[in-house]
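Structure record follows, encoded as structure tokens.
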Amino acid sequence: MNILYISPEIAPFAKTGGLADVLAALPRAVARRGHRVALAMPLYRCVRQGGFDLQTTDNSIQVPLGQRWQPGRWLRGTLPGTDIPVYFLEHAEFYERDDPASGAGLYQYRLPQGKMADYADNSSRFIFFCRAVLEGLSGFDFWPDILHLNDWQTGLIPVYVKKIYAPRWSSKPPKTLLTIHNLAYKGLFWHWDMPLTGLDWSLFNWRELEFYGKISFLKAGIVFADLLTTVSRRYALEIQTPEYGCGLEGVLREHRGKLVGILNGVDYSVWDPRHDPYLPCHYDVATVTAGKAECRRVLHQRWNWPCRERTPLVVMVSRLVEQKGLDLIQQAADEILRWDLQWVILGLGEPHYHQFLRQMQNRHPQKLRAALEFNEPLAHLLEAAGDIFLMPSRFEPSGLNQLYSLRYGTVPVVRRVGGLADTITDCTPETLAAGTANGFCFEEYTAHALLEALRRAIWTFRDHPDIWRQLQRTGMMQDFSWDRSAAEYEAAYRRLLAGNNDESGGRNCESSGH
Ligand code: ADP
Ligand code: GLC
């Protein structure tokens with residue numbers, strides 16, 4: 001099969017979260033299964049300045065955007081270490097404005113008083129992206145059978161394929177698969193952006209593009225894509241409920257026949273303590289204790305922290321947003337910091353969380369370190385140096401960090417939700433006996449429940465080293481590699497091409513056994 005992956009971010013070119021990691025790994029795994037793959041994303045400033053080998057192509061396009069034509073051009077690179085083509089959409093005004101030093105990100109920028117705001121022209125930027133992919137399609141390496149889309153930034157593509165481009169193309173129109181990585185980002189814009197899309201106003205109705213008086217690019221994708229996937233089985237069910245559906249639960253229930261949950265995987269060539277280049281030493285399941293001690297020593301030395309061996313090191317690596325349970329952290333922090341532990345939080349996000357964490361660090365400089373930055377090497381070192389990985393998410397479509405933690409022997413403490421529920425088995429006498437326990441879970445979204453789970457973890461770490469080693473061993477031996485997920489995506493692609501994706505007859509996430 002010929003598959004073109006389209007995403008607003010792909011590691012190592014541009015990354016704000018797990019989406020980029022997924023797009024770096026899944027196409028590789030699918031290519032290993034014998035398919036032709038290519039990728040497309042915007043050419044941000046960080047890509048231009050990232051030292052990547054970018055070649056110009058003669059694939060220049062004119063894209064209608066409202067009343068005007070916007071010129072664009074596709075540049076060509078490859079996924080590092082492969083010959084898999086990556087196409088970058090060049091439009092300097094739209095995409096080359098990110099600058100971490102001044103708080104300008106891929107989708108948002110920092111206001112003078114510190115708050116983050118969406119760029120006012122995000123609708124134009126991603127309408128342009130969606131149409132530019134389709135305008136440039138015949139100039140890529142191959143004509144795709146499948147367009148694999150990711151998140152709201154690509155949500156209009158299925159609409160364009162069906163309403164505008166399919167009738168124009170002489171080749172067979174590709175099928176569209178949209179992966180929802182995070183339903184909370186709906187791509188909402190005011191209705192007067194409708195003319196910018198070039199789509200007919202008749203689509204602006206509650207069953208298609210409209211969401212409470214606005215346009216939702218994600219809803220557009222949900223309605224028009226031929227197949228929908230999301231990144232864990234549990235999340236595929238949760239998003240059909242009012243609690244987790246972000247207002248889209250009705251439309252998702254309506255389209256449940258084409259919704260499949262496929263858990264993310266881990267790229268173990270990047271995330272494995274046996275060969276992780278960011279670590280001062282390497283370790284495996286036999287040498288985990290010594291390996292972790294050395295990584296921790298290096299971390300402590302860097303910050304001039306006292307190194308106390310039996311004191312657990314709790315780590316978090318996270319976007320600092322509500323999704324990740326930061327309000328629970330705020331409520332629980334005083335109590336946690338009364339305990340004998342050390343705690344490192346690496347993250348970037350909302351300014352009020354930054355302020356809170358800075359204050360806590362000032363009060364407890366020997367116990368809490370808040371690294372408020374995006375730092376890939378430090379993320380790896382923390383996975384290796386930590387004893388406990390804390391992930392108290394309010395919701396979590398899949399989550400990658402708990403999977404990385406398992407491989408690094410860092411025992412996850414998580415809320416039982418979404419992908420966390422699908423991957424972490426709470427430590428109880430029964431699960432220990434069954435050999436499935438690999439972490440600690442709590443159910444209710446309360447500080448009390450979080451504290452109880454963390455307390456159990458610390459008690460086990462300190463008083464039951466044998467059980468702790470069993471938890472580490474179970475986690476380190478588990479295999480969440482992309483090969484397994486890629487096989488499931490391959491089945492989904494085949495289902496699409498077989499035309500077996502009609503919504504009434506198709507397998508859905510409840511009955512398919514995914
Ligand atoms: P999400 O995509 O919701 O942010 P995931 O767990 O799927 O959550 O993926 C998060 C990814 O982003 C991981 O690779 C994690 O290491 C990385 N990450 C998040 N924040 C930072 C940070 N401040 N510095 C470095 N890496 C980070
Ligand atoms: C989103 C989700 C996260 C998931 C990632 C990659 O950002 O928040 O849970 O792992 O996408 O699919």
Side-chain angles (χ1 to χ4, degrees), residues 5 7-12 14-26 100 105-107 148-153 178-186 218 229-236 238-239 244 246 261-268 270-272 276 278 315-326 344-350 353-354 357 369-384 386 389-408 410 412 414-415 417-424 480 482 485 489:
Y5 294 85
S7 172
E9 50 188 88
I10 301 167
K15 168 169 172 176
T16 64
L19 170 64
D21 288 359
V22 171
L23 268 294
L26 173 63
L106 303 186
Y107 322 116
H148 186 150
L149 317 170
N150 296 277
D151 278 353
W152 69 263
Q153 292 89 341
L178 171 67
T179 298
I180 302 168
H181 295 264
N182 196 332
L183 195 68
Y185 301 106
K186 293 191 279 276
L218 185 64
T229 66
T230 186
V231 286
S232 68
R233 280 177 65 184
R234 168 90 168 228
Y235 192 60
E238 286 173 346
I239 57 179
Y244 295 104
C246 302
I262 302 177
L263 187 71
N264 283 336
V266 177
D267 185 345
Y268 289 122
V270 178
W271 292 96
D272 192 323
D276 185 332
Y278 293 120
V315 298
M316 291 177 68
V317 179
S318 178
R319 291 182 293 117
L320 302 178
V321 295
E322 200 197 347
Q323 171 192 348
K324 301 294 179 180
L326 265 291
V344 182
I345 301 176
L346 167 63
L348 261 189
E350 287 165 24
Y353 295 132
H354 288 204
L357 292 173
R369 184 84 194 197
L372 304 174
E373 56 180 325
F374 196 93
N375 187 330
E376 187 86 31
L378 185 56
H380 287 248
L381 184 59
L382 290 177
E383 286 286 7
F389 196 95
L390 184 57
M391 218 165 155
S393 304
R394 181 184 282 273
F395 65 93
E396 196 60 73
S398 166
L400 292 171
N401 275 116
Q402 84 278 18
L403 302 178
Y404 302 157
S405 301
L406 291 174
R407 181 52 64 106
Y408 284 71
T410 308
V414 306
R415 176 149 181 261
V417 70
L420 299 173
D422 283 356
T423 53
I424 304 303
F480 288 100
W482 270 106
S485 312
Y489 278 106

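One is the number of the first residue; the rest follow in order along the sequence. Just follow the structure's listing: the first ligand is 1, and inside any ligand the first atom is 1. All figures in this text were calculated on a predicted structure; none of them were measured in a lab.
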Review point. Which residue from Q402, H181, M391, R319 reaches closest to atom 2 (C) of ligand 2 through any of its heavy atoms?
Key: H181
Practice item. Have a look at ligand 1 and work out which part of Q402, if any, has a heavy atom under 4.0 Å from it: side chain, backbone, both or neither. Key: neither
**Study point:** Sub-4.0 Å heavy-atom approach of H181 to ligand 1
**Key:** no
Practice item. Using a strict cut-off of 4.0 Å, indicate which atoms of ligand 1 neighbour a heavy atom of G17. Key: 2 (O), 4 (O), 11 (C), 12 (O)
Exercise for review: Give the contacting part of K324 toward ligand 1: side chain, backbone, both or neither, where contact means a heavy-atom distance below 4.0 Å.
Suggested key: side chain
Check your understanding: Is ligand 1 under 4.0 Å from a heavy atom in the side chain of D21, in the backbone, in both, or in neither?
Key -> side chain
Point to revise | For N264, the ligand 2 atoms whose distance to one of its heavy atoms is below 4.0 Å | key: 4 (C), 6 (C), 10 (O), 12 (O)
Check your understanding: Can D21 and Y404 be counted as having a side-chain donor-acceptor contact under 3.5 angstrom?
Key -> yes
Review point. Would you say N182 and ligand 1 have an N/O pair spaced under 3.5 Å apart?
Key: no
Point to revise | R394 backbone acceptor or donor facing R415 side chain under 3.5 Å | key: yes
Check your understanding: Any idea which atoms of ligand 1 are less than 4.0 Å away from a heavy-atom of E373?
Key -> 22 (C), 23 (N), 24 (N)
Point to revise | Candidates T230, N264, T229, N150 - the one meeting side chain to side chain donor-acceptor pair (under 3.5 Å) with H181 | key: N150
Practice item. Return a yes/no value for M391: is any of its N or O atoms, backbone included, closer than 3.5 angstrom to an N or O of ligand 1? Key: no
Review point. Between N375 and ligand 1, is there a nitrogen or oxygen pair with a distance under 3.5 Å?
Key: yes
Point to revise | Heavy-atom gap G399 to ligand 2 smaller than 4.0 Å | key: yes
Review point. In ligand 1, which numbered atoms sit nearer than 4.0 Å to a non-hydrogen atom of G347?
Key: 23 (N)
Exercise for review: Using a 4.0 Å heavy-atom threshold (strictly under), name the region of L19 that reaches ligand 2: side chain, backbone, both or neither.
Suggested key: backbone
Check your understanding: Which of the numbered atoms in ligand 2 are below 4.0 angstrom from a heavy atom of V22?
Key -> 6 (C), 12 (O)
Check your understanding: Can you list the atoms of ligand 1 that are under 4.0 Å from a heavy atom of S318?
Key -> 20 (N)
Point to revise | Subset of ligand 1 atoms that lie under 4.0 Å from at least one heavy atom of L400 | key: 5 (P), 6 (O), 7 (O)
Practice item. Please identify which atoms of ligand 1 are closer than 4.0 Å to at least one heavy atom of V317. Key: 16 (O), 18 (N), 21 (C), 27 (C)
Review point. Does a side chain donor of either E383 or S405 reach within less than 3.5 Å of an acceptor in the other side chain?
Key: yes
**Study point:** Contact check: G399 vs ligand 1, nitrogen or oxygen atoms, below 3.5 angstrom
**Key:** no
**Study point:** ligand 2 to K324 polar contact by distance, N or O atoms, under 3.5 Å
**Key:** no
Exercise for review: Classify the contact between S398 and ligand 1 as side chain, backbone, both or neither, using a heavy-atom distance cut-off of under 4.0 Å.
Suggested key: neither
Review point. What atoms of ligand 2 come closer than 4.0 angstrom to any heavy atom of G18?
Key: 6 (C)
Check your understanding: So is there a nitrogen or oxygen of R319 less than 3.5 Å from a nitrogen or oxygen in ligand 1?
Key -> yes
Practice item. Work out whether the distance between some heavy atom of E383 and some atom of ligand 1 is less than 4.0 Å. Key: no
Point to revise | Ligand-side contact atoms (ligand 2) for residue partner Q323, heavy atom cut-off under 4.0 Å | key: 8 (O)
**Study point:** Ligand-side contact atoms (ligand 2) for residue partner E396, heavy atom cut-off under 4.0 Å
**Key:** 2 (C), 3 (C), 8 (O), 9 (O)
